[in-house]
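To start, the structure itself, in C-alpha cells.
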Amino acid sequence: MKFNIRKLEASDWGTLVKWWDSWPEWVTPPKTFLPDNGTGGLIVEKGKQPIVAGFLYFTNSKAVLLEWIISNPEYRSKDRQEAIELLINTAEAICKKQGQVHMFSIGRNKHLIETHKKLGWTVDTDPSYEIVKNI
C-alpha cells in the first residue's frame, strides 16, 4: 500500500496532540504558535493510518521553516523512515514550486537529524537553543 500525503486539517489536531503527549520529551505547542492555527502543514498516511506530520512556516523572505515534525509513536512498520522522508521531500517540493530558496529546521532528535543529512540538508553541529517568549 502506498502513502498518501495531504494538507493538515482542523480534524487532525486531536491526533497530533495524542502524538505529542505520547513522546515524553515533547510538549504540545499551542495552536497559536503553529502556522494557520495548526493546519499549516502536511501529514503522511498509509490507508487511514496517520504516520508523520510537520508544519511549514512561510515568511516574507525566500525562506521557510519546516518544524514540529512529529510521528505516530505506535507506527513501527519498516516503511516508517520512508514516510518521514516523503514528508520532508514533499515539503521541499512545495516550497520550491512556490519560489522559495531556503528551508530551515530546528531539531534534537538524532534520527530526524540523520534523515535531514541523508536528504542533503546541512546540519550545524554546534548546539543551539530555542528561545521563546509569550508576549
Side-chain angles (χ1 to χ4, degrees):
M1 182 180 293
K2 293 186 179 184
F3 295 112
N4 175 51
I5 188 162
R6 62 173 174 80
K7 187 176 180 333
L8 284 166
E9 300 171 357
S11 60
D12 294 315
W13 183 249
T15 298
L16 299 177
V17 169
K18 181 180 172 187
W19 292 354
W20 277 310
D21 289 347
S22 295
W23 291 106
E25 69 276 6
W26 283 78
V27 174
T28 301
K31 283 184 179 182
T32 55
F33 197 82
L34 300 168
D36 296 329
N37 203 38
T39 61
L42 304 168
I43 189 165
V44 177
E45 301 170 319
K46 188 172 185 181
K48 297 205 182 258
Q49 175 90 42
I51 302 168
V52 63
F55 293 86
L56 291 167
Y57 291 81
F58 287 86
T59 69
N60 64 353
S61 67
K62 291 291 182 184
V64 179
L65 177 64
L66 172 61
E67 196 43 71
W68 296 102
I69 295 176
I70 185 74
S71 63
N72 181 344
E74 296 174 4
Y75 189 86
R76 293 293 176 192
S77 295
K78 291 181 182 180
D79 59 2
R80 175 187 177 87
Q81 181 64 28
E82 186 181 343
I84 294 168
E85 291 176 18
L86 176 64
L87 175 79
I88 295 169
N89 284 330
T90 302
E92 287 180 32
I94 288 169
C95 292
K96 190 173 185 178
K97 185 177 180 180
Q98 293 186 14
Q100 303 300 317
V101 179
H102 313 283
M103 290 188 76
F104 178 76
S105 189
I106 301 168
R108 65 177 70 107
N109 178 283
K110 292 176 187 177
H111 298 292
L112 196 52
I113 290 169
E114 289 304 315
T115 299
H116 278 87
K117 284 182 187 177
K118 176 183 175 185
L119 298 176
W121 290 57
T122 301
V123 176
D124 184 351
T125 57
D126 291 332
S128 60
Y129 302 91
E130 298 89 21
I131 302 169
V132 177
K133 181 178 183 180
N134 295 322
I135 54 172

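From a predicted model like this one, the values you see are computed outputs, not experimental measurements.
Taking all atoms of both residues into account, the shortest heavy-atom contact from Thr39 to Ala10 is CG2-N, 3.5 Å. The two atoms that bring Ser22 and Pro24 nearest to each other are O-CD, 3.4 Å, heavy atoms only. Minimum interatomic distance between Ala91 and Leu56 (heavy atoms only, all atoms of both residues): CB-CD2, 3.9 Å. Taking both residues in full, the closest heavy atoms of Gly54 and Leu8 are given as O-CD1, 4.1 Å, listed atom of the first, atom of the second, then distance.
Atom CG in Asn4 sits 13.0 Å away from atom CD in Gln49 (nearest 0.5 Å). Here CG of Leu65 is found 13.5 Å from NE2 of His102. Values are rounded to the nearest 0.5 Å. How far NZ of Lys31 is from CH2 of Trp13: 6.0 Å, rounded to the nearest 0.5 Å. In this structure, CD in Glu9 is found 11.0 Å from OG1 in Thr15, a value given to the nearest 0.5 Å. Taken from SG in Cys95 to NZ in Lys62, the straight-line distance is 11.5 Å, to the nearest 0.5 Å. To the nearest 0.5 angstrom, Ile106 atom CD1 is 13.5 Å from Tyr129 atom OH.
Side chains of Ile70 and Leu16 form a contact here, defined as non-hydrogen atoms less than 4.5 Å apart. Contact of the His116 side chain with the Ile69 side chain is registered, since non-hydrogen atoms from C-beta on lie closer than 4.5 Å. Residues Ile94 and Lys7 form no side-chain contact, since every pair of their non-hydrogen atoms from C-beta on lies 4.5 Å or further apart. The side-chain heavy atoms of Tyr75 and Val52, taken from C-beta on, include no pair separated by under 4.5 Å. Residues Glu74 and Lys18 are in side-chain contact: their nearest non-hydrogen atoms beyond the backbone lie under 4.5 Å apart. Phe55 is not listed as a side-chain neighbour of Pro29, based on a closest heavy-atom distance of 4.5 Å or more. The side-chain heavy atoms of Arg108 and Glu130, taken from C-beta on, include a pair separated by under 4.5 Å. Here the side chains of Pro35 and Phe58 are not in contact, with every heavy-atom distance at 4.5 Å or above.
Side chain of Arg80 to main chain of Ile51: no donor-acceptor pair is present (N/O by atom type, distance under 3.5 Å, no hydrogens or angles). No side-chain donor-acceptor contact under 3.5 Å links Ser77 to the backbone of Asp79.
Summarising the local packing, CG of Asn134 is surrounded by 12 or fewer heavy atoms from other residues, nucleotides or ligands at distances under 6.0 Å.
Neither Val27 nor Trp19 shares a network with the other; the hydrophobic side chains, linked directly or stepwise wherever heavy atoms of I, L, V, M, F, W or Y lie under 4.5 Å apart, form separate groups for each. Linking ILVMFWY residues whenever their side-chain heavy atoms come closer than 4.5 Å, directly or via other members, leaves Val64 and Phe104 in distinct clusters. Ile84 and Leu119 fall within a single hydrophobic cluster, where Ile, Leu, Val, Met, Phe, Trp and Tyr side chains are chained together by heavy-atom contacts under 4.5 Å. Connection of Phe3 to Ile43 is not established within any shared hydrophobic cluster, with ILVMFWY side chains joined at heavy-atom distances below 4.5 Å, either directly or through further cluster members. Both Leu112 and Met103 sit in one connected hydrophobic cluster of ILVMFWY residues. Membership requires side-chain heavy atoms under 4.5 Å apart, directly or through other members.
Between Lys118 and Glu85, at least one side-chain nitrogen of the basic residue sits less than 4.0 Å from a carboxylate oxygen of the acidic one, meeting the salt-bridge criterion.
Under the side chain to side chain contact (heavy atoms under 4.5 Å, CB included) rule, Leu42 has a single partner from Leu86, Leu66, Ile5, which is Ile5.
Using bins of under 30°, 30° to 60° and over 60° for the plane-to-plane angle, the ring pair Phe33/Tyr57 lands in the perpendicular bin.
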